[in-house]
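We count ligands from 1, going down the list as the structure has it; atoms in each ligand are counted the same way. By convention here, the first residue in the shown sequence is residue 1.
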Amino acid sequence: MSEMNSAAETAAPHRYTAAMAADIEARWQDFWDAEGTYQAPNPSGDLAGDPAQVARPKKFVMDMFPYPSGAGLHVGHPLGYIATDVFARHQRMTGHNVLHTLGFDAFGLPAEQYAVQTGTHPRVSTEANIENMKVQLRRLGLGHDNRRSFATIDPDYYKWTQWIFVQIFNSWYDEKADKARPIDELVAQFESGTREVPGGRAWGELSSLERADVLGGYRLAYASDAPVNWCPGLGTVLANEEVTADGRSERGNFPVFKAKLRQWNMRITAYADRLLDDLDALDWPEAIKLQQRNWIGRSEGARVDFAVDGHDGARITVFTTRPDTLFGATYMVLAPEHGLIDSIVPAEWPEGVKEQWTGGAATPAEAVAAYRKQAQTKSDVERQTEHKDKTGVFTGSYAVNPVTGERIPVFVADYVLMGYGTGAIMAVPGQDERDWEFAEAFELPIVRTVQPPEGWEGEAFTGQGPAINSANDEISLNGLDVAEAKAKITAWLTDKGIGEGTVNFRLRDWLFSRQRYWGEPFPIVYDEDGVAHALPESMLPLELPEVDDYSPRTFDPDDADTQPETPLSRNADWVNVELDLGDGPKRYRRETNTMPNWAGSCWYELRYLDPHNSERLVAPDIEQYWMGPREGQPHGGVDLYVGGAEHAVLHLLYARFWSKVLFDLGHVSSVEPFHKLYNQGMIQAYVYRDERGFPVTATEVEERDGKFFHDGTPVKRELGKMGKSLKNAVTPDEICAEYGADTLRLYEMAMGPLDVSRPWDTRAVVGQYRLLQRLWRNVVDEATGEVTVVDGEPDEATLRALHKAIDGVSQDMSAMRFNTAIAKITELNNHLTKTGGPVARSVAERLVLLVAPLAPHIAEELWRRLGHTDSVVHQDFPVADPAYVVDESVTCVVQIKGKVKARLEVSPSITDEELEALALGDAAVVAALGGAGIRKVIVRAPKLVNIVPA
Ligand code: ANZ
């Protein structure tokens, strides 16, 4: 601190300074901890408490919990935490039982990568990071119920993550009941014969392996050999959501390949419809709902079967959204990974094959093999990029168009994806742009089946119009519009048994295993036949074994032909075990994959409710109390969930899915985890780059005449993220040391609307510091430290200023407009400063209460100095007296034909009808009208009346 300040401190020893803020803040933080000020009582269990508080309406306010990174927090991180804290504090002061706490999402790749680099165990580094972050967070004065905090790596926590996995594994989706049910109920149906066993044999005749296979087709968690995203550079497979648009790993930016590997999946697709439908009743930003809808990607269409010419019984089933165009299907395409290809490829090229169809290969098999290899290195997005040159090879086989009877060539081409629909399409160049491009490149026939507008030539027509060229002896679509034609052909196909209407989703099942060490072990063992068994609850948690070598085996990032090796598989003692799963001791082999880092965040809201329960995930009455459905929240859920918009799909979709499974199985009463979602903006920071484009340390940059210099050389300024790598990180610790946490909190909340991104400006922080100094001065004498407030009534102007502020701040707090709340508090405080003289106690106290959610330490201190012995945290928020809120009168302008003829002083709450009557009765108006009739009166109460004479 500067010398000037210390001089001022001698003159005013009781001024609010950084040193005083530090003292106040530390003192009250200790007090709150000791008193358990922020503890939210549960209705029962070990956290039960004051029944009067439990009887209040509940508010469950939650943040997206942090990943405890080694770099610690910069000032951008706590933006959301401060906002939820302010909101929660206001809710507490308006009669709610508020649950607010924070845990840590602590499994995942970065900890493991850091551990590999430094040679420390990920648990050691992660726990140290958590401790460090807790210290940083505590300094901010966040009102968390610390009894409820945990980290996802705590065995007491992941026991229940594993337990939920077991519930999911042990259930199936009953389409008829439209919900998940225990798998035992399915087995009972197979046993009794009320449900036919796929394959047609009796359940009793199947071996245990065959039964396991059948059930695997139903379980909501199942292992399967499917093409997955294999990332040799990370040594693990990845979920679709973790692969970027250009086919690389989101983390590390390594190439990702399609590889066939046996992996665990979650059947999230069973919930596609419900995940879509239930979005409607959620109070979420529309943009996020839209992203989820697009990700789920529901599309209506039809399945159509095509016979393969010369291959008895072989069928290619396609999914199409345009069955009406069937008469125009002039060729077909299979995705390179399609399982049927090998069985339809003939030994020789058939006669009449065009040269560009063969890819220059001697046989169809060679052409297909070469093409497949090349396709493997491309991401789905690359393969689907519009107007890219279309590639493909002919399989040598023909299918039969079921309505035209024509033989149409079957191609393999990468613009068709295996992961969508059936991985096969009927190609209709006349109506589909991609098919048109392919047909041109491969000289395939084009038949239009929808009449394009006059003069339309040289490209596909994807619009609406009457069907043409679409008739045979049995059916004609000609003349029908697209919707009618779709309905007619779908009915015809269904009737013939070669197709039916279907709904297709873009959503895929969730790839759930990772070849990593630092994740939850699967509670799964395999018996000698390779059948998977879930561990019983008594064997949970299955703890991660201590291993010496927890680094994943990574490979040349570009080598697609590698195979993952799981770190857990290297520990033979842990992997091979003898267990009694109810039928005597037997040898088993443990699953050696671990769960993805999303698992722990799929259900953490529930554990906050009942964090120490060792018998259940959460006690039902406690879950119902905090999460259960209620008026306006038909699906239940957290009342406010705040976090970044980057989690729009992954975390929020996965958490919704788990919630629904737990609901179906009767473990929770809420169908949705998060009723209201709010995305805070980002705190951005200036990045300064030198000539070569490298960032230079932001604090060393000087500004001269709007130009920026580092060490005398010019640098460029741009707005970017904040972080160590861009050399522009500012830590909350620095700001707390320089001004105090209350100033930091106010500054972050005052920067702008919460949902908008804003640039950090350290030089502007002092503005909020000054506000707190003026607030202090309005209550405390800086020279003596005495409280200066006086008893007695304030003047009318002050009462108006006070109640207007109370009214405005109350509304702003509920709507999370903290920046405008601060502006109103500032206005009131300035009014008091300007008025001069001691402030009336009743005004000072209410001002302190208004400030309390935003700057809790100084508010607590002033509250105490004002003579109160109880904490400010649980006081009632002030209520505005409406009599002082309204302006006494406003001026209304009365116009005739746009010209002002009169001004009326009216009440601001006057209605349109009252105002119209008043205006028409006004003497000046009557005179100006001069007896002319009135055609129209436009009234905008309370400020304007516009009269149009006849
Ligand atoms: C014939 C057709 C004619 C099609 C036409 C479109 C227009 P959405 O809306 O995204 O569901 N398709 C189906 N499976 C595919 C796959 N695995 N890879 C690439 N394309 C695939 O799109 C469905 C349409 O995309 C389907 O309807 C199919 O082409 C294509 F005038 O069938 B259509």
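In terms of polar-atom proximity, defined here as any N/O pair under 3.5 Å, L417 does make such a contact with ligand 1.
The V428 neighbourhood of ligand 1 comprises atoms 1 (C), 3 (C), with distances under 4.0 Å to a heavy atom of that residue. Ligand 1 places these atoms under 4.0 Å from at least one heavy atom of R434: 20 (N), 25 (O), 30 (C). Atoms of ligand 1 lying under 4.0 Å from at least one heavy atom of S299, given by number and element, are 8 (P), 11 (O). Residue T320 approaches ligand 1 through these ligand atoms, each under 4.0 Å from one of its heavy atoms: 1 (C), 2 (C), 4 (C), 26 (C), 27 (O), 32 (O), 33 (B). Of all atoms in ligand 1, listed by their number and element, those nearer than 4.0 Å to a heavy atom of T325 are 3 (C), 31 (F).
Judged purely by atom type and a 3.5 angstrom limit, R267 has no side-chain atom pairing as donor or acceptor with the backbone of L220. The main-chain N or O of T269 is never found under 3.5 Å from a side-chain atom of W510 such that the two would form a donor-acceptor pair.
Both the sub-6.0 Å distance and the 45° axial angle are satisfied by R407 relative to the ring of Y398.
Note on ligand 1: N504 sits outside its first shell, no heavy atom being nearer than 4.0 Å. Note on ligand 1: R506 sits outside its first shell, no heavy atom being nearer than 4.0 Å.
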Legend entry - Worked check of salt bridge (charged side-chain N to carboxylate O under 4.0 Å, His left out) between E484 and K486: CA-CA 5 Å; E484 292 164 347; K486 276 186 188 177; over 6 Å; no
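Take Y641 and apply the side-chain hydrogen bond (donor to acceptor under 3.5 Å, both in side chains) test, not counting sequence neighbours, and it matches Y604, H651.
When F319, Y415, Y420 are ranked by how near their heavy atoms come to atom 19 (C) of ligand 1, first place goes to Y415.
A pairwise comparison of heavy atoms in R315 and L340 identifies O-CD2, 3.4 Å as the closest pair.
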